[in-house]
**Q** 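For reference, the structure I am asking about is given below.
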Amino acid sequence: MQQEKKVLFVCLGNICRSPMAEGILKKKVKEQGLEDLFFIDSCGTIGAHSGEMADHRARKVAQKNNIEITHRARKFTKNDFQKFDVIIAMDTQNLFEIQRLAQPSQMEKVKLMMEFSDQFPAERNVYDPYYDTEEKFEEVFQLLNHCSTKLLQSLISNSHE
Ligand code: 4NP
């Protein structure tokens, strides 16, 4: 029996990018019948939206892609370093904020989502669509979908190491 891999996505408000990433990865894991091997969650570096459902545009775009986002926003805590094996930041601002709270030994758990994209090698950030249009949410969704495929491959191959 392999150990469960615990994955946490982090953005700023936890109402747009990270709940979409959470929903996408959960769907891919389910499609592959790997639910017992993964625990997937998301949070934000600020608590301004804590307790709220994801942004209606994020839920709508996800719904169009057969994903229901039921997540309620919460703020990242230092305890998440103990709870999760992999912590994935959506942009460098989120990354620095998490790294600021990490012990040196916890730094290697923290990664950028764009590390799992080969579409835009120079880009480090998943664009924040909060102040933008629904079309931008669709673009961000597709990018997250692309990254999640590579991320899941990486998590599966690392679990055999
Ligand atoms: P997210 O988007 O980090 O992808 O959830 C944002 C949500 C809320 C805010 C900024 C970005 N805000 O400033 O409230």
Side-chain angles (χ1 to χ4, degrees), residues 5-30 38-102 106-152 154-155:
K5 186 79 102 181
K6 299 184 187 71
V7 183
L8 180 65
F9 292 106
V10 187
C11 61
L12 181 64
N14 192 211
I15 54 169
C16 303
R17 292 165 293 174
S18 63
M20 286 198 283
E22 177 193 334
I24 291 166
L25 189 65
K26 280 181 173 169
K27 183 171 181 229
K28 290 188 191 296
V29 160
K30 192 170 179 196
F38 288 92
F39 177 76
I40 303 159
D41 192 13
S42 66
C43 66
T45 59
I46 60 170
H49 297 276
S50 288
E52 291 177 18
M53 295 286 286
D55 186 282
H56 69 280
R57 295 161 297 176
R59 282 186 284 140
K60 188 173 169 189
V61 167
Q63 190 97 63
K64 273 203 257 173
N65 289 274
N66 298 314
I67 293 171
E68 198 189 343
I69 300 176
T70 56
H71 180 78
R72 295 271 175 178
R74 71 169 179 92
K75 189 179 176 188
F76 180 83
T77 73
K78 280 187 183 176
N79 193 38
D80 288 315
F81 286 117
Q82 263 108 55
K83 201 166 164 198
F84 290 90
D85 304 303
V86 188
I87 298 172
I88 301 172
M90 292 296 138
D91 63 31
T92 51
Q93 186 193 347
N94 315 143
L95 180 80
F96 298 149
E97 191 57 34
I98 302 162
Q99 286 177 334
R100 196 176 62 78
L101 300 170
Q106 296 166 331
M107 292 286 263
E108 65 180 15
K109 291 185 175 189
V110 190
K111 301 185 188 309
L112 268 178
M113 188 62 159
M114 288 303 282
E115 286 177 36
F116 302 96
S117 167
D118 49 19
Q119 279 181 339
F120 309 102
E123 183 55 65
R124 303 188 76 209
N125 299 327
V126 175
Y127 178 77
D128 182 350
Y130 184 60
Y131 292 106
D132 215 314
T133 60
E134 200 172 303
E135 286 69 38
K136 271 285 173 196
F137 274 76
E138 183 67 54
E139 254 178 58
V140 168
F141 182 95
Q142 295 309 335
L143 177 59
L144 292 172
N145 194 42
H146 163 77
C147 294
S148 298
T149 300
K150 309 261 168 186
L151 169 64
L152 184 54
S154 159
L155 292 170

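When a ligand or atom number is given, it counts from 1 through the structure's own listing order. In this chain, numbering begins with 1 at the start of the sequence shown. Keep in mind that the numbers below use all heavy atoms, side chains included, and drop hydrogens, waters and symmetry copies.
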**Q** If only side-chain N and O atoms count, and only distance matters, is there a donor-acceptor pair under 3.5 Å linking Ser117 with Lys150?
**A** no
**Q** May I have a table of the N/O to N/O pairs between ligand 1 and the protein that fall below 3.5 Å, each row giving the two atom names and the distance to 0.1 Å?
**A**
{"unit_1": "ligand 1", "atom_1": "2 (O)", "unit_2": "Asp128", "atom_2": "OD1", "d": "3.2"}
{"unit_1": "ligand 1", "atom_1": "3 (O)", "unit_2": "Leu12", "atom_2": "N", "d": "2.9"}
{"unit_1": "ligand 1", "atom_1": "3 (O)", "unit_2": "Gly13", "atom_2": "N", "d": "2.9"}
{"unit_1": "ligand 1", "atom_1": "3 (O)", "unit_2": "Arg17", "atom_2": "NH2", "d": "2.9"}
{"unit_1": "ligand 1", "atom_1": "4 (O)", "unit_2": "Arg17", "atom_2": "N", "d": "2.9"}
{"unit_1": "ligand 1", "atom_1": "4 (O)", "unit_2": "Arg17", "atom_2": "NE", "d": "2.8"}
{"unit_1": "ligand 1", "atom_1": "5 (O)", "unit_2": "Asn14", "atom_2": "N", "d": "3.2"}
{"unit_1": "ligand 1", "atom_1": "5 (O)", "unit_2": "Ile15", "atom_2": "N", "d": "3.0"}
{"unit_1": "ligand 1", "atom_1": "5 (O)", "unit_2": "Cys16", "atom_2": "N", "d": "2.9"}
{"unit_1": "ligand 1", "atom_1": "14 (O)", "unit_2": "His49", "atom_2": "NE2", "d": "2.7"}

**Q** Is the shortest distance from a Lys or Arg side-chain nitrogen in Arg74 or Asp41 to a carboxylate oxygen in the other one below 4.0 Å?
**A**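 Yes, this pair counts.
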**Q** Can you name the side chain to side chain contact (heavy atoms under 4.5 Å, CB included) partners of Asn125, sequence neighbours left out?
**A**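 Asp91, Thr92, Glu123.
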**Q** Is there a donor-acceptor pair closer than 3.5 Å between any side-chain N or O of His71 and the backbone N or O of Glu22?
**A**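 Such a contact is absent between His71 side chain and Glu22 backbone.
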**Q** Is there a donor-acceptor pair closer than 3.5 Å between any side-chain N or O of Asn65 and the backbone N or O of Val61?
**A**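 Checked: pair present.
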**Q** Decide yes or no on ring-ring contact (aromatic ring centres under 6.0 Å, His included) for Phe81 and Phe76, but give the supporting numbers first.
**A** CA-CA 9 Å; Phe81 286 117; Phe76 180 83; 5.2 Å; yes
